[in-house]
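The structure displayed is predicted, hence computed values, not measured ones. Heavy atoms only: backbone and side chains are in, while hydrogens, waters and symmetry mates are out. A note on names: the letters A, B, ... follow the listed sequences, proteins ahead of strands, and every chain is numbered from 1.
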Amino acid sequence: MTKEDAKKRAIFLKNLRAQHEETVERTQTLLKEQKAIRRQICQPMRDGPKTIPELAQITGLPGNEILWHITAMKKYDLIVEAGMCAEYYLYQRPEGVK
Amino acid sequence: MMANRMDPNLLIDLKRYGEKGAVNIEACFNCGNCTAVCPLTSDDHPFPRNTIRLMQLGLKDQILQSSDPWLCYYCGECTETCPRGAEPAEAQMALRRWLTAQYDWTGLARKFYTSEVWEIGSIILVGVLIALAFIFFHGPIVTDQVELNTFAPVDVIHIGDWIMALLLLFFLLTNALRMHNFIMRRGTKTKIPLAAYASELWSLPYHFATQKRWATCEERPSWISHLLLVSGYVLMLVIIVFFLPWFQTDNVYPLYHPQRWLGYYATIVLLYGAGRAIWGRLEKARQMHRFSHASDWMFPILLFTVTLTGILVHIFRYAGLPMATYVTYVVHLALLVPMLVLEVPFGKWSHLAYRPLAIYFEAVKVKAREMEQAELAPATV
Amino acid sequence: MTQENLHVDTLVVGGGIAGMQSALDLADQGFRVALVEKEASIGGKMIALSKVFPTLDCCSCITTPKMSAVAHHENIDLLTYCEIGAIHENGGGFVADVTKKPRYVNEADCTGCRQCEYACPIDLPNAFDMDLGAMRAIRVPFSTAVPQKAVLDIENCILCGKCEQTCPVNCIDFTQQPEQFQIEADAIVLATGFGLTPTDAKKEYGAGQLLNVVDALTVERLLAPTGPYGHVLRPSDGKEPDSIAYVQCAGSRDTTLGVEYCSRVCCMYAIKQAMLLSGALPLADITIYYMDIRTFGKGYEQFYQNARAMGIEFVKGKVARITEDDDKNPVVRVELIDEGSQIVERAHDMIVLSVGMVPGYNPQAIYGVPIDASDGFIEIPSPNIAPTVTNHEGIFATGTAVSPMDIVDSIVMAGAAAAETAAYLQSRNGHSYKLPISGSMEMEVAHV
Amino acid sequence: METKPKILILATLSGGYAGADSVGQLHANYPSNAYILPVVCPSMFSESFYLRAFERGIDGILLMYSGTDCPFKGGAERTAQIVNKTFPLMKEKGIDPRRLRLVAICTVCTKPFLKEVNQMNDLLRGIGPVKMEMAHAVIGD
Amino acid sequence: MSEKEEPRVGVYTCHCGGNISDVVRCERVMTALKKLDNVVVSRTDMSMCSDAGQAMVEADIAEYGLNRIVIGACSPSLHEQTFRGTVARAGLNPYLYHHVGIREQNSWVHKDDREGATQKAIRLMAAGIAKARLLDPLEPIRLSAKRHALIIGGGIAGLRAAWDIARRGIQVTLIEKSPFLGGHMAQLESVFPTGEAARGTLHDLIDKVTGHPNVTIHTRAELVGMSGYVGDYQATIRQQSRGIKEGFTGIDKLIENCPLEVPDEFNYGLTKRKAIYTAYPGCYPPTPAVDWENCNKCGDCLKSLNGERGLISLENEPHDFDLTVGAVVVATGFRLYEPAQGEYGYGEFPEVITLAQLIRLLALNGEKELVWNGRTVHNLAFIHCVGSRQIDGINEPQPDGQVNNYCSRVCCTATLHAANELRERFPAINLYDFYEDIRTYGRGHEEYYTEASKNMVRFLRFHDDELPRVTPDPYANGTGALLVTAKDYLTWGQEIDAPVDLVVLATGVMPNPIDDIIKLLKVSPGTDRFLLEVHPKLRPVETAVPGVVLAGTAQGPMNIQESCAAASAAAAKVAVLLGQGRVELEPFVAHVDPDRCDGTGECVTVCAYEDAIILAGVNGATKAVVTPANCAGCGSCVSACPNQAIDLQGWSLSQYEAMLDAIASDSLPVVA
């Protein structure tokens, strides 16, 4: 991509964002929240694999919400399963993902 | 197991005890929702589906032996959630009327419930008789000032009260005895020792006074207003039957005097309770008020008008209007007497007696079973 | 690429199993068909299911060949992500105004490689997985989607441009606008499908607020090999459930919900799911609370008896209430009708509401096809003899747009709609289908 | 050159091959020494076909058929019969019968697919090349 | 395949915009493949499926005279068809194209092993080339199809199928075993869920069908012979004489004069009819028929004739005729379960009848009160699931040793429909209903249940292991009234007695006994004895025999609506098959090399498809001969042949062996 093209593209995207201001803003807030929650969820996994109730206890977040984020991250290989503890699966970060 | 023979005609008869279209239990497909949703149901008494089922099949003996309809307070939860609109709560109501008629050996209850002409006619008849009695037998009419006790000598009225009370008690007790026979003799195989009756006797006045079971239902305000109504009613009954000379007097007591404030309390809660019942039935907002049988109207209307005329007598007396006082007094009694002699043993009022009786009988049965088991227990160990 | 106006013999509305089958049966007879689907992929509700009764076939294995056949059929114009705004009559035929919603992806170029999806930073609840799992703001709808093309959700996009940068064939196009075009057709087949009876309407069942009370379509996703968790877990905390209960007629045969009819499929799908669950969770107890078990179809009764033999517990009694204990275990209150009418409260790890079917779409606004006031499904004036013929000449209806029915019945009825439509088209002048020359069989006058 | 075992996967179009497509959609990982060929129905292969494959140096064969979903009358049963008859012949030649495996894979059976491939790969790494095995058997005779 | 032209292969490796090339080193693949025998052109492209990619292939075919094309790209399910089209446009036979999946099966699943993925791509492509060398041009199998369908059965399903097929310009011959059309529907009065008059609706359809120029109807006709294959079946039909010529007018007199009286099957034996009869007034055809089984040829009927004797013949002279048809619709319908002697008192007490009998009784009965056996019926009980949902060990098995363990689907709503009619016509009657589960599943069916409840039908629920009992009522004082006793689970398992005057058994549905048709058509029944479809969802109205489709209750219990839907669906399949006048089938079928075949017949033994392979004399020797129309292309025969004389076109064993060798080969040009 030439510099000029890049510039054009930047202007185009800017205009587009202005057009969709409301949805973009809302989604950006959502994204920020998601990131914060996921940091909270992933932090305890550094000490080893965790179950949802364990994560819920540590983070104070509701179990269903944690499960959703774990499911989302698992779908794109950002979290993997690491066996089971009683009736619960254990989750951890895969090797190479911080 | 003894087979039970179905009687298809019983349901047709039962339907006569409900407002037209209100008893809709033929629509019931026995899903069990009503029983499971009922806050008052128990392992021993899973209702209302069981009574509905008996009604559907026409198993008359089993219905007569059951006290379950009396354990229901018509909170309407079952009707509200019934997937088929079968009106289970209203079926219980109708069944209570039918049972009242079955307990009553005179056959009057049945006439009252199934015929509006009979019910209204008898009330008018008794009321007219009372009025006629006054027309022919009243005391001297003092017109320059209010002298009610001269117009209607209190001791004569009091004797009348006693006669009325005894009559009413006689019918009520004999009917209650029949109820006992159905539920306690035919309805149970365990032999019931007298000790069981004695040990549970406390529950009878307790439940009569508190209607505690009703409070288990979610509709607490109904229970409270009904409780107030009962308290006013009982209070008034006690006053006029036992203490009429103290109550019906030409003396004007000061406001702090118990005669005044007891009277005021009773009349206010009676007016409020009866008025609320009438208003509820007009409004039809709550489940229990959606259908109103003639008998449902008759009792609160009589109660309301009796109270109202009572208050008017009081006011006219204070205002010093002799003729108005006397006439209103006659009207008051012409309403009061039929209410008591007809409604109490044969009509809607009787549930006030049958409900605590049913609870009492069931408690006795449980006690008897416990006693029986206690006897058996050491032997088997 | 702009969508050109089309002239076809039949417009099929809805790309679920009924619509697909009708389209195929018509196209195979030589008629031109336009199949319009509002979602980004065809497949309807069926493609989301795990396995199907009574054969327990893998559902995808039955649906995908039909989806692929539709996509590749030379007589079918497949139009996904399109909505029909209005239908006018036009000289005995119909003209449909169609809006093609922008995918923001150039459909012709997209290879379905999903690189954009991996690059996208936004995770959204995945409706295909009943919101249990996640999907990106740009994605291929699901693994077996047809067409296998990405679609961008502009409402939930921050326009970061990452997808655009990643796409190997430069097919992301933020400038796309809705496109209007028209389809001229001589006949219409409505296959608009069904929706689920609402569960939040029933306050006795928690009004949709209890986390471990789910509907049956959610369990389909839990059981599907491509499901969100990859296991059967309950939504509140990811526990593998030991005890699962089904509440039948949770949205049907109930006047308080305004749905008085039987939804026809719930008994069988509950039994099927119970069987699959006991396969996935061999130690779990599975209970089905029911009013009547309606396993009426071919092989269905045997299926039910097998489930009983497998140890699945069938309890006669309508669940009156579902509450929650401290561990978020849902608790049912029910009368055990077959066991002496006891009232019990039983806690389960998870409860499945066997919700029923309501019409998925009311076609009245744009088509003028009457619906039945009592159930909301399309009115069929002569359901016995002509089960797919509506009140409107030239418009036919099939599948669950007509009434609740299972997949087998939908497919058969779709064939019936195709036969009816084909005969209608042939009876009209000027249809594009050329009547083949009559065979050598002499025309015989009917005789006995 | 590294000697990875060669796995041949014969996958039915209506089942296993579509399943392999689904695995691809997931971008999952499995060993690259697994070669997938589509087949209509594996009932067309006789015992000798499999033996020939082992002789040519295929270390393991996974037959991913459609099981009870087989669209052909008797196809699944006949395939199973042939495979059962192949095992003793393999033993005769000194070939570990575990090198041939018949599994039912559906169009979205991604997990079983991966499990089978990985298991076969692990097995073959453990027991070594088929050619060595056959050579040993000849010597052993 | 000796005189095959020298293969000139063009091979293309697709980058798929990086989807493949990010992992697989496509240029290396291209270079490696160039070195293989017969490869004339090897190229890569960013996107083979693009117009440019396809144009490149077309140009190469023209320029280099390529006669085999191999493309490695995404899964064949996505683009194999696309490239077949490309090749065809360039004038090559489309089956000379081979597609290799190297995206879903390679680059996407070996992301962290680029070297392995590249080598795998080379091997898979090499295998593809090996197969391509052996590809033969193929043509779809085209069979001319007789645009004529045979429908067996003149009930609602057969009629509905006839109407749909005829309207598509296809000839229809409908044969009906009995002398009259209409089947069971004619015996109904009103039908759920509409309440419409059954015979009114039926006759509308009969009028349409019989009035359609494409339809020929033969009553009293049965299928007795069948040969051929899809598109070209030869059917032999045997028709019994009617005994009376069409257009005869003195019908009433004729019937009157017949002295014989036999139970009238139309009324399920409730009434009698003569040995010359019509099914019902207004039936089609209106001409009466002689009941050959019962007629004793007394000749009394002839006495009413005045010199018109030629119009009647009391000799049954069945005649056979042949018909060539392209497809067959089996609409042979159902029969009702006949309760065993003593089952719920059936055959033991005259007050126990079937639902079908009740429906006829209601049609025959007066308006005021329901009368049975001369007595007014005040109380009536229905019992459900008689002959349905049976359980081994509890229910008496059928003569064939089986029990009907299926649900008959129609009886619940039909029973409630009858109950509601009873209540409406005889308001004082008491109705009881003994059931296991009420299955009013269809649109408008639950309403019948609700209505019946409102009509005060008392429902009692029994369990399948404790069936209700029917006994004489001890209190009935010899009036013949009965007592139905059941352990009622709605009344917490109490035994309940229903005193009744009439017990009505809701009998289930069974397939008509059509063993001969099953044998002739080579279709197969399922374990429930109903005819089996190929697959309930993929091909729900087709049988495993090509060109033989199912309509209505021959396949399983159905109501009228479902029968009509199934019949129309079957008609759609017939229209697909025969509409074009030819049948086109995929060429992937078995093919015999007559030089190798020595007629052992192993292939015939293993083949599961009727008449797909037969042994026949070819030039004086016994050889296997494939009928492509009947071959499903599974290849079972290939593995069975001891001489490798039979192979699958397009998927041949030699092609597989060549592919396998390429994969196994250690000497591939794997360059670094």
Side-chain angles (χ1 to χ4, degrees), chain C residues 25 28-30 52 55 57 62 68 72 111 113 115 148 168-169 253 260-262 264 292-298 300-302 305 316 337-338 340-341 375 377 383-387 402-403 407-409 411-413 415-416 418-420 422-423 426-427 435-436 438-439 441 443-444 446 448, chain E residues 16-19 47 77-78 81 146-148 164 167-169 171 191 193-194 196 201 205 210 213 215-217 219 242 246 285 287 389 405-407 409 437-443 446 489-490 492-493 536-538 540-541 556 560-561 564-566 568-569 571-573 575-576 579-581:
Chain C
D25 281 346
D28 282 347
Q29 292 182 54
V52 281
T55 44
D57 298 297
I62 293 165
S68 159
H72 289 133
T111 62
C113 71
Q115 289 195 23
Q148 188 71 212
V169 290
R253 301 180 70 195
E260 294 181 35
Y261 53 82
C262 165
R264 194 160 167 167
D292 291 286
I293 289 291
R294 295 187 164 173
T295 48
F296 53 82
K298 190 170 182 175
Y300 294 4
E301 179 68 16
Q302 202 51 43
Q305 299 302 344
K316 163 106 177 152
I337 291 179
D338 280 354
S341 295
D375 59 18
F377 289 98
N384 276 324
I385 207 79
V402 174
S403 84
I407 295 167
V408 178
D409 290 339
I411 290 174
V412 169
M413 204 170 176
E420 197 74 71
Q426 184 151 357
S427 72
L435 185 65
S438 177
M441 186 72 192
M443 297 278 184
E444 280 177 303
V448 182
Chain E
C16 196
N19 275 297
S47 171
S77 63
L78 293 173
Q81 291 301 329
K146 191 81 185 161
R147 301 190 68 256
H148 192 147
D164 283 326
R167 283 192 294 166
R168 295 286 288 110
Q171 294 294 313
V191 287
T194 50
E196 68 203 286
T201 304
L205 184 64
T210 53
V215 180
T216 310
I217 291 173
T219 55
R242 198 169 191 83
E246 208 181 337
T287 316
R389 300 182 69 186
N405 51 19
Y406 52 85
C407 164
R409 196 163 171 149
D437 294 285
I438 292 289
R439 295 184 166 173
T440 43
Y441 60 88
R443 188 184 193 184
E446 185 77 1
Y489 280 86
L490 299 179
W492 39 102
K537 294 184 182 67
L538 288 172
V541 293
I560 292 164
Q561 173 176 5
C564 284
S568 291
K573 291 296 167 206
V576 168
Q580 321 280 345

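- With a 4.5 Å cut-off on non-hydrogen atoms, C:Asp25 touches chain E through its backbone and its side chain both.
- Interface summary for chain E: among C:Ser68, C:Gly340, C:Ala422, C:Ala418, the most heavy-atom pairs under 4.5 angstrom belong to C:Ala422.
- Residues E:Cys564 and C:Asn384 form no side-chain contact, since every pair of their non-hydrogen atoms from C-beta on lies 4.5 Å or further apart.
- Closest approach of C:Ala419 to E:Ser568, counting heavy atoms only: CB-O, 3.2 Å.
- The greatest number of non-hydrogen atom pairs below 4.5 Å with chain E, out of C:Ala423, C:Ala386, C:Cys113, is found for C:Cys113.
- Here the side chain of C:Asp292 pairs no donor or acceptor atom with the backbone of E:Arg439 at under 3.5 angstrom.
- Shortest non-hydrogen contact noted between C:Ser341 and E:Trp492 is OG-CE3, 3.7 Å.
- Side-chain contact, E:Arg389 with C:Gln305: no donor N or O sits under 3.5 Å from an acceptor N or O.
- For E:Ala572 against C:Gly415, the heavy-atom pair with the smallest separation is CB-O, 3.5 Å.
- Of the atoms belonging to C:Phe377, heavy atoms from both backbone and side chain fall under 4.5 Å from chain E.
- E:Pro536 places none of its side-chain heavy atoms less than 4.5 Å from the side chain of C:Ile407.
- Of the inter-residue distances, the one linking E:Tyr441 atom OH with C:Asp409 atom CG reads 7.5 Å to the nearest 0.5 angstrom.
- When all heavy atoms of C:Asp28 and E:Gln580 are compared, the closest pair comes out as O-NE2, 4.0 Å.
- The shortest non-hydrogen separation linking E:Ala566 to C:Val412 is CA-CG1, 3.5 Å.
- A distance-only check finds a donor-acceptor pair linking the side chain of E:Arg443 to the backbone of C:Val402 [under 3.5 Å].
- Judged by distance alone, the side chains of E:Asn405 and C:Glu301 never bring a donor and an acceptor atom under 3.5 Å apart.
- Atom CZ of C:Arg294 is separated from atom CG of E:Asp437 by 8.5 Å, given to the nearest 0.5 angstrom.
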| Given the rule in the side chain to side chain contact (heavy atoms under 4.5 Å, CB included) test, do E:Gln561 and C:Ile385 qualify, once you have shown the distances and angles that lead to the verdict? | CA-CA 6 Å; E:Gln561 173 176 5; C:Ile385 207 79; over 6 Å; no

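- A salt bridge is defined here as a Lys NZ or Arg NE, NH1 or NH2 lying under 4.0 Å from an Asp or Glu carboxylate O, and E:Glu446 with C:Arg264 fails to meet this definition.
- Within the 4.5 angstrom heavy-atom criterion, only backbone atoms of C:Glu260 (N, CA, C, O) approach chain E.
- C:Cys262 contributes atom SG, which lies 12.0 Å from atom CD1 of E:Ile438 (distance to the nearest 0.5 angstrom).
- A distance of 14.0 Å separates SG of E:Cys407 from NZ of C:Lys298, quoted to the nearest 0.5 Å.
- When all heavy atoms of E:Gly169 and C:Gln426 are compared, the pair lying nearest together is N-NE2, 3.8 Å.
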